[in-house]
Amino acid sequence: MKFFINVFLISRLKVREKNEDSNQLIFASARFFDDFMGRIILHLDLDSFYASVEEMRRPEIKGKPIVICVFSGRSEDSGAVSTANYKARELGIGAGMPIARAKMLARGKDVVFLPNDIEHYTEVSDKIMDLLDDEADALEQVSIDEAYLDLTDRCRGDWRAARKVAEEIKSKIKELESLTCSVGIGPNKLVAKMGSKHKKPDGLTVIMEGEVQSFFGNIPVSKLHGIGFKTIEVLDRLGIKNGKDLAGFDFKTLKENFGENKAKKIQEIARGIGDTKVEQRLKKQVSKMATLKEDARSAEQVFGRMNELLAELSRKTAKKGARFRTVSIITIDTNLRMQTKSETIPESESVLGAVHVFERLMKDFFKENDGVVLRRIGVRVSNLTYKKIQATLKDFGKFVV
DNA sequence: CGACGTGTAAC
DNA sequence: CCTTTTACACGTCG
């Protein structure tokens with residue numbers, strides 16, 4: 001009997017915690033019933049975060065359409081929209097849109113355009129993430145305005161308790177920062193994420209195991225998390241419209257169109273299957289990009305801007321206590337074609353110590369691309385390793401994100 | 001297999 | 001006219 005239970009536990013652990021050390025088995029029996037019951041995962045998304053934060057700290061713009069912009073500095077209105085609040089979205093303004101177009105749509109209306117202030121948003125975000133950390137077994141911050149919480153142990157399989165936790169979190173965030181958020185709760189990260197997308201803003205959607213199939217089945221494939229524009233084009237040709245179509249589609253045909261791995265992946269998405277753990281991940285690369293004031297036709301013309309970028313990249317990298325092995329430049333020419341060049345070197349701690357490598361890559365790029373005219377450039381270090389002591393995963397995660 | 005470059009997706 | 005940052009998968013080459 002003991003043997004049987006162990007076999008069962010090991011197989012569960014394989015499915016659920018592939019990356020865990022075998023010493024996790026020590027805790028396995030204590031978690032037997034949790035394993036048996038499955039997990040409860042919560043995903044939280046702060047509603048039009050940047051715009052809402054600005055609205056909160058500037059009483060004079062309350063209730064107005066607000067558009068947060070990334071100005072590229074090339075001309076008065078060059079750049080793109082980062083976030084539009086719901087009032088602005090009613091006018092057709094949305095993220096990613098050129099600022100000039102957003103201003104056309106806003107013509108004659110009282111719309112507030114603001115440059116983004118990431119520093120401030122990060123401060124607000126950090127406070128909220130701290131709050132979330134207190135509510136969960138594990139926290140995974142995936143971006144400045146999104147996080148996953150594992151509530152499995154905390155709620156012991158009780159979905160109504162999980163809903164209570166969500167409501168509590170929502171009211172705390174409102175109290176503390178006057179912000180709303182959308183929350184999804186499900187048996188894995190994918191389902192939780194789809195739940196939080198389902199009702200916005202200020203939503204709360206719970207999808208239990210038994211409800212996954214019908215929820216995912218009725219959703220258009222274009223709304224599935226992880227399925228983007230290119231994939232949709234192919235799915236469309238195959239006549240696949242919603243989750244049900246994809247979940248039940250002939251695998252061989254999918255494989256012919258997407259390759260084995262991607263076929264498997266998108267079909268699992270359509271079935272609401274996912275088993276990745278909620279855990280704070282360390283960054284694997286750091287980069288910094290910028291649009292040039294003026295188009296550049298030679299390496300020497302971009303060195304000035306590149307050195308500024310490297311100074312910032314250096315700070316970012318040092319702050320995380322990261323070392324790197326790979327150095328890259330990223331170029332975007334006037335036709336918006338992106339290219340990268342990279343080189344792997346002996347492990348280094350100092351970005352500025354590797355300036356000559358960035359410069360050489362840039363020179364080589366111009367040598368290899370005769371007549372190219374650059375609009376934007378970027379620098380990146382990857383192949384990161386971390387030296388700082390990992391006091392607790394929580395603190396380290398916060399430090400690194 | 002590691003290094004390098006590109007494409008897709010999400011934020 | 002067209003921003004920024006990251007992850008990951010895949011093909012290719014030596």
Side-chain angles (χ1 to χ4, degrees), chain A residues 43 45-50 67-84 94-104 115-116 118 121-122 125 140-147 189-190 193-194 196-197 221-235 258-266 269 276 281-292 295 309 312-313 316-317 320 322 325-345 361 364-365 368-369 375-384 400-401:
Chain A
H43 180 259
D45 196 331
L46 295 160
D47 298 323
S48 41
F49 182 53
Y50 295 177
V67 182
I68 309 300
C69 306
V70 181
F71 291 101
S72 69
R74 289 217 128 192
S75 64
E76 176 79 3
D77 284 339
S78 64
V81 170
S82 171
T83 311
M97 177 179 289
I99 295 166
R101 179 132 43 107
K103 290 208 166 170
M104 295 284 280
N116 71 353
I118 300 279
Y121 310 149
T122 303
S125 170
E140 179 177 340
Q141 184 180 347
V142 291
S143 72
I144 194 166
D145 64 350
E146 262 184 70
K189 289 204 281 187
L190 173 63
K193 168 77 188 177
M194 291 300 296
S196 73
K197 270 212 274 192
V221 280
S222 62
K223 295 244 178 112
L224 290 172
H225 182 67
I227 295 187
F229 183 68
K230 296 289 179 179
T231 309
I232 291 303
E233 284 186 333
V234 181
L235 291 178
F258 292 104
E260 171 144 26
N261 288 337
K262 183 152 190 197
K264 201 173 289 178
K265 181 140 170 215
I266 61 178
I269 290 173
T276 56
R281 313 234 192 148
L282 300 181
K283 280 205 167 60
K284 295 176 177 167
Q285 57 175 242
V286 187
S287 64
K288 189 79 198 161
M289 299 216 49
T291 302
L292 298 170
D295 293 343
L309 289 177
E312 291 166 59
L313 188 71
K316 264 171 103 171
T317 308
K320 296 175 196 313
R325 286 219 305 134
T326 303
V327 161
S328 314
I329 59 158
I330 301 144
T331 58
I332 291 162
D333 64 27
T334 45
N335 300 320
L336 299 186
R337 178 168 134 85
M338 179 190 303
Q339 283 168 281
T340 62
K341 282 192 78 60
S342 62
E343 185 176 323
T344 299
I345 58 174
L361 287 170
D364 287 349
F365 171 80
E368 291 160 15
N369 295 271
R375 176 191 173 86
R376 305 174 54 213
I377 60 166
V379 290
R380 173 169 70 206
V381 290
S382 54
N383 242 315
L384 300 186
V400 165
V401 164

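Below, read A as the first sequence line, B as the second, and so on, with proteins coming before strands; counting in each chain starts at 1.
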Once side-chain contact (heavy atoms from CB on, under 4.5 Å) is applied, do any residues pair with [X], and if so which ones, sequence neighbours excluded?
| X | value |
| --- | --- |
| A/Lys223 | A/Ile219, A/Pro220 |
| A/Val221 | A/Leu224, A/Ile232, A/Leu235, A/Ile240, A/Leu246 |
| A/Thr326 | A/Ser328, A/Ser342, A/Thr344, A/Ser382, A/Asn383 |

For [X], which residues count as a salt bridge (Lys or Arg N to Asp or Glu O under 4.0 Å) partner, sequence neighbours excluded?
| X | result |
| --- | --- |
| A/Asp45 | A/Lys200 |
| A/Lys197 | none |
| A/Lys265 | none |
| A/Glu368 | A/Lys341 |

One character per nucleotide, please: for nucleotides 1-11 of chain B, 5' to 3', B when the base has a protein heavy atom closer than 4.0 Å, S when only the sugar-phosphate does, - otherwise. --SSSB-SSSS

Along DNA chain C (nearest heavy atom to each residue), the more 5'-positioned of A/Gln285 and A/Ser78: A/Ser78

Between A/Ala80 and A/Lys265, which has a closest nucleotide on DNA chain C that is more 5'? A/Ala80

Base, sugar-phosphate alone, or nothing: which one does A/Val81 contact when heavy atoms must sit under 4.0 Å apart? nothing

Could you check whether A/Ser75 gets within reach of a base, just the sugar-phosphate, or nothing at all, counting any heavy atom under 4.0 Å? nothing

Span of DNA chain C, from the first to the last nucleotide whose atoms fall under 4.0 Å of chain A heavy atoms: C/dC2 to C/dC10

Would you say A/Lys193's side chain and A/His43's backbone share a donor-acceptor pair under 3.5 angstrom? no

